[in-house]
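As structure tokens, the structure follows; a few thoughts come after it.
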Amino acid sequence: MHILGIETSCDETAISLIEASEASNNVRILGNTVHTQIDVHAPYGGVFPDLAKREHAKNLIPVLAKTLEQAGVAIAESHPFTPDLEPVLASTFTYEPELLAAFNAYIPTIQKPSIDLISVTIGPGLTPALWVGINFARALSIVWNIPLVPSNHMEGHILAALIEKIDHKPGEILGTYDLLDRRVVYPALSLLISGGHTQIVLVEKIGSYKIIGQTRDDAVGECFDKIARTLGLPYPGGPKISALAAEARAQGIRSPEPLPRPMIASDDYDFSFSGLKTAVLYLTKRLIEKAGALTPDTIQGIAREAEDAMTDVLVAKMRKAAEAYGIETVIVGGGVIANSHIRKALENLAADCGLRMLVPQIDHSTDNALMIALAGYYGRDKALAPGSELKAFGTLPIGPRA
């Protein structure tokens, strides 16, 4: 089965084409492209939804073209769309005329790919950005007469951890992977940490999820970015904080004052990182009033303490949840798992508790369309007819709250 995945939930424009086999229980990545918008949003210190929407509209055709080129889809003799398709496509791209023009210029010039399903993210995410991907998926579905699978972005992050490379060499984009779902002991526990989400999810089986804990305010990735801004570091802040924290540990540098570990001892599995962000703000104000400016050592020390505080809370909550639910398998996903300190702390937790921990390889941890193609494969039973109406859900949950 060949599945095209389309992901536009935030500031990555991503498309992937995979071949998944239930018989062999593996997946082959035929094409996989991610275009990041970080440089576009960096001057503003964060992602602007309408700007992200415009960038997706500009980048989807080039990203599709690169993915299909990787997959070996050939250029064909140009065949313009039939007159009956023109008004349908114009209506589909009512709010993306630039994308309509690029679509009309490119799609008739290629052979129809061998695709059985088109999977597209419908949420959660930035609603304007989601709509661009949805409209693009619907247009391809109509022109190529291929069923659609509406997919959940957070489920994609779980599934990205459930593949293990077979013949994939470091640095290569493509390769064949084992599907690990049959080796997972259910229920499993998933920690999803990203710029917009921090959740602990009980995975009863693939497709059945219950949220047992989540942030009440800032997500951990959002907290990283806001603390970085307070320390005068450029966007995106997470990698900058992590790099400075690593330097501080290597040099034995510590924060002038300890920072709080919000909700670390609460009786539930929820998180709250807003207070940590505020504590950093007040600490830096006090230090600046006293010394006139923050020294490089002070910035490094605060970065280390902030990263330690977030890590301590994540590990404590996961330990408590794993013990309470009798978990044997832990699945970690989301862009923040690229943070080496958090990743190592969770690995140590798994070793201490005798848990099997599954994490995506680094280039699959941030937003990508491979995970959405995988979601389409596992969600193939809910496929909709070609051209079916879809809606964007900015706050779409992965499942009910337990």
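Note that these values count all heavy atoms, side chains included, but never hydrogens, waters or copies made by symmetry.
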> Counting only heavy atoms not in D267, do more than 12 sit closer than 6.0 Å to its CG atom?
Replying inline: no
> Is there side-chain contact between I302 and P256, with at least one heavy-atom pair below 4.5 Å?
Replying inline: yes
>> Any carboxylate oxygen within less than 4.0 angstrom of a Lys/Arg side-chain nitrogen, looking at E389 and R138?
In response: yes
>> If the condition is salt bridge (Lys or Arg N to Asp or Glu O under 4.0 Å), which residues does E164 pass it with, not counting sequence neighbours?
In response: R183
> Between G376 and S151, which heavy-atom pair has the shortest distance, and what is it?
Replying inline: N-OG, 3.8 Å
>> Strictly below 4.0 Å, N to O, side chains only: are E222 and K277 in salt-bridge contact?
In response: no
> Taking C-beta and beyond as the side chain, do V47 and C10 meet within less than 4.5 Å on heavy atoms?
Replying inline: yes
> Are any of the side-chain heavy atoms of Y269 and K320 separated by less than 4.5 Å?
Replying inline: yes
>> One thing to verify: whether R249 and D308 come together as a salt bridge, which I'm taking to mean a side-chain N less than 4.0 angstrom from a carboxylate O.
In response: yes
>> Would you say CD of E247 has more than 12 non-hydrogen atoms from neighbouring residues, nucleotides or ligands within 6.0 angstrom?
In response: yes
> Under 3.5 Å, side chain of K112 to main-chain N/O of W144, donor-acceptor pair present?
Replying inline: yes
>> Within the supplied structure, the quantity of interest is the number of heavy atoms (other residues, nucleotides, ligands) at a distance under 6.0 Å from Y186 OH; does it exceed 12?
In response: yes
>> So, applying side-chain hydrogen bond (donor to acceptor under 3.5 Å, both in side chains) with T13, which one of H35, H56, K58 is it?
In response: H56
> Where is the tightest heavy-atom contact between A309 and P260, given as atom of each residue plus distance?
Replying inline: CB-O, 3.6 Å
> Is it true that K210 and E204 have a side-chain N and a carboxylate O under 4.0 angstrom from each other?
Replying inline: yes
> Which heavy-atom pair separates F81 from F103 by the least distance, and what is that distance?
Replying inline: CZ-CE2, 3.7 Å
> Is the number of heavy atoms from other residues, nucleotides or ligands within 6.0 Å of CZ (R356) greater than 12?
Replying inline: yes
> Can you name the closest pair of heavy atoms from I253 and D297 and give their distance?
Replying inline: CG2-O, 3.3 Å
